[in-house]
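Within every chain, numbering begins at 1; the chains are lettered A, B, ... in the order of the sequence lines, protein sequences first and strands thereafter.
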There are 2 protein chains.
Amino acid sequence: MAYRETEKMRQRKAAARQRIAECTYQCVTEGGFRNARITRIAKLAGVATGTIYRHYESKEDLFAEIFRLATQREVDKVAEALATPGSVTERLENALQQFAERALKGPVMAWALIAEPVDPKVEEERLAYRKAYANLFEQAIREGIDEGCVPDQDAHQSSTCLVGAIAESLVGPLSPTQNGQAKPGDTDNHDPLINTIIRFCIQGLTGTRR
Amino acid sequence: MAYRETEKMRQRKAAARQRIAECTYQCVTEGGFRNARITRIAKLAGVATGTIYRHYESKEDLFAEIFRLATQREVDKVAEALATPGSVTERLENALQQFAERALKGPVMAWALIAEPVDPKVEEERLAYRKAYANLFEQAIREGIDEGCVPDQDAHQSSTCLVGAIAESLVGPLSPTQNGQAKPGDTDNHDPLINTIIRFCIQGLTGTRR
DNA sequence: ACAAAGAATGAACAATGATTCAATAATTCA
DNA sequence: TGAATTATTGAATCATTGTTCATTCTTTGT
């Protein structure tokens, strides 16, 4: 016996894996999943294409992991906004705003996560994460119902509506067709859009004019 | 000169084109766009694969046409429901119900139209049709605002929220993963789901509890 | 019936990119 | 150092399907 994986090697491999993940993330950030080629990722990460397959079963697996990673960040932000002190409606408003603002700030990635056509395994992740969002909102709605500031309702269904309303509202502005060649000074003021979304959702939940 | 296209030929060609369209529609109804192979469609339609290319530029073009066709049917139904006599809210409720019921009755096609990952050209059609839905709802909302039964608001944004809420609510029940092997007596009662959607949307619009 | 023109055929082709794997390099430890 | 083991490489391979096109069959008008 003359070779046993040592700690140093383990770390080096972990670093390579991480670099691959980061470069994939970067590729997706730049052009979505469809345009992220394994060869391109490998080149970016400074490894051979084959090496990627020692770290990930397949392209779909790699993409699914990156999808999870990217979405989890967003889910965490929403969770954070919902965990803030304040009334349930305030917290929901914060969460929706957070979600929309972050999406509009990183439109390509947001579009990749929300609406880009993706491979089945990645689509599964998307489904799962939409549920994750819905669950967060659902919990907040439940609290609202308990506190009495939100009327009794099917919290799960309502949260789904909420996720749909915000996602759909963003698809237009995020779509690459629509977003084709962003104008140079494209710092559109999205506040009115965000405000309308928030109003619609809060009203939908509470049935109270605002 | 010895051959000139005659009326009979024109009709025969038109019939072939239509048969191709119908068979594509059927394939999509059975397994979505992804599983609809050109060869399968050709066999179903009783023509050679090459023949399909005398009628359509490419697979994407064919699929885009079928997408248009299928979605237009649904758009028409929604338009119909919105053109019914009654108050704006009643009509909106009818339209939402119509949309949801039809989707749940033909879940594979509905999923293909709403959420299945599709080729770019088809995705464009989807974007266009989502706008078509939104425009219909937008007009109704405008009428509501004029009539005074809906508070003043950005009708376009609101209609988008509305489309998103209903689409998202249906994605879960429609998704093939979730819908995997439908149980034999799968005539789930979807009324509660539909009612929640309607309530959320109408409240979102009007800010009035119901 | 026949020549001209077009339509239909479907096996072969092409394009795309993910994946493999034989060869090579690097690492470990006695 | 060198043998054993593992990691890396990247050009070649594979797999999947949409698309083409030389050939064959139909239609048409004289």
Side-chain angles (χ1 to χ4, degrees), chain A residues 1-21 23-24 27-28 31-67 116-123, chain B residues 1-21 23-24 27-28 31-67 116-123:
Chain A
M1 156 225 330
Y3 181 104
R4 284 204 53 176
E5 188 180 74
T6 184
E7 185 54 29
K8 178 182 147 202
M9 252 296 126
R10 231 189 311 280
Q11 289 188 353
R12 191 184 296 183
K13 280 203 282 177
R17 189 189 158 99
Q18 171 134 354
R19 215 165 49 250
I20 291 166
C23 292
T24 307
C27 278
V28 176
F33 286 101
R34 192 187 176 79
N35 296 37
R37 298 295 138 75
I38 289 286
T39 48
R40 170 103 197 292
I41 292 165
K43 197 158 287 177
L44 260 182
V47 298
T49 54
T51 302
I52 288 183
Y53 288 86
R54 317 199 101 258
H55 295 281
Y56 296 91
E57 276 286 309
S58 67
K59 192 191 76 154
E60 282 197 51
D61 280 336
L62 168 58
F63 282 10
E65 172 154 321
I66 271 40
F67 190 99
E116 184 186 7
V118 291
D119 290 327
K121 273 190 186 172
V122 181
E123 182 70 16
Chain B
M1 153 221 339
Y3 180 101
R4 283 202 54 173
E5 189 181 73
T6 183
E7 184 52 30
K8 178 181 148 201
M9 253 296 126
R10 229 188 315 279
Q11 288 188 351
R12 190 184 296 184
K13 280 203 282 177
R17 188 188 159 100
Q18 170 134 355
R19 212 164 51 250
I20 292 166
C23 293
T24 306
C27 279
V28 175
F33 287 100
R34 192 185 175 78
N35 297 33
R37 298 296 135 75
I38 289 285
T39 46
R40 171 105 197 290
I41 292 165
K43 197 159 286 178
L44 260 183
V47 298
T49 54
T51 302
I52 289 182
Y53 288 86
R54 319 198 101 259
H55 293 282
Y56 296 91
E57 275 287 309
S58 67
K59 191 190 79 153
E60 281 198 52
D61 279 337
L62 167 59
F63 282 9
E65 172 154 322
I66 270 41
F67 190 98
E116 184 186 7
V118 291
D119 290 327
K121 272 190 186 172
V122 180
E123 183 69 18

(message) Under 4.0 Å from OP1 or OP2 of C:dT19: is there any side-chain N or O of A:Tyr53 that close?
(response) yes

(message) Could you measure the distance from the OG1 atom of A:Thr6 to the CE atom of A:Met9? Nearest 0.5 Å is fine.
(response) 9.0 Å

(message) Let's see if you get this right: which residues in residues 32-46 of chain A place a heavy atom under 4.0 Å from DNA chain D?
(response) none

(request) Measure from OH on A:Tyr3 to C1' on C:dA26 and round the result to the nearest Å. (result) 8 Å

(message) So, does A:Thr49 get its side chain near the phosphate of D:dG10, meaning an N or O under 4.0 Å from OP1 or OP2?
(response) no

(request) Could you list the residues that satisfy side-chain contact (heavy atoms from CB on, under 4.5 Å) with A:Gln11, not counting sequence neighbours? (result) A:Glu7

(request) Considering just the side-chain nitrogens and oxygens of B:Thr51, establish if one lies under 4.0 Å of OP1 or OP2 belonging to C:dT9. (result) yes

(message) Can you measure A:Arg4 atom CZ to C:dA30 atom P for me and round it to whole angstrom units?
(response) 11 Å

(message) According to salt bridge (charged side-chain N to carboxylate O under 4.0 Å, His left out), does anything in residues 40-59 of chain A pair up with another residue at least two apart or in another chain? List the pairs.
(response) A:Glu30-A:Arg40, A:Lys59-A:Asp119

(request) For A:Tyr53, check ring-ring contact (aromatic ring centres under 6.0 Å, His included) against everything at least two apart and list the hits. (result) none

(request) Measure the spacing between CD of A:Glu116 and CD of A:Glu123 and express it to the nearest 0.5 Å. (result) 10.5 Å

(message) Taking ring-ring contact (aromatic ring centres under 6.0 Å, His included) as the definition, give me every residue that meets it alongside B:Tyr56, ordered by chain and number, with sequence neighbours left out.
(response) none

(message) If you assign each of B:Lys8 and B:Lys59 to its closest nucleotide in DNA chain D, which residue comes earlier from the 5' end?
(response) B:Lys59

(message) I want to confirm an ordering. Mapping B:Glu57 and B:Thr6 to their closest nucleotides on DNA chain D, which one lands closer to the 5' end?
(response) B:Glu57

(request) Can you tell me the distance, in whole Å, between the CD1 atom of A:Ile52 and the P atom of C:dG17? (result) 15 Å

(message) Quick check on C:dA7: is either OP1 or OP2 less than 4.0 Å from any side-chain nitrogen or oxygen of B:Arg54?
(response) yes

(request) For DNA chain C, determine which residues of residues 9-18 of chain A have any heavy atom closer than 4.0 angstrom to one of its atoms, and list them numerically. (result) A:Met9, A:Arg12

(message) Tell me if the CD atom of B:Glu5 is crowded by more than 12 foreign heavy atoms within 6.0 Å.
(response) yes

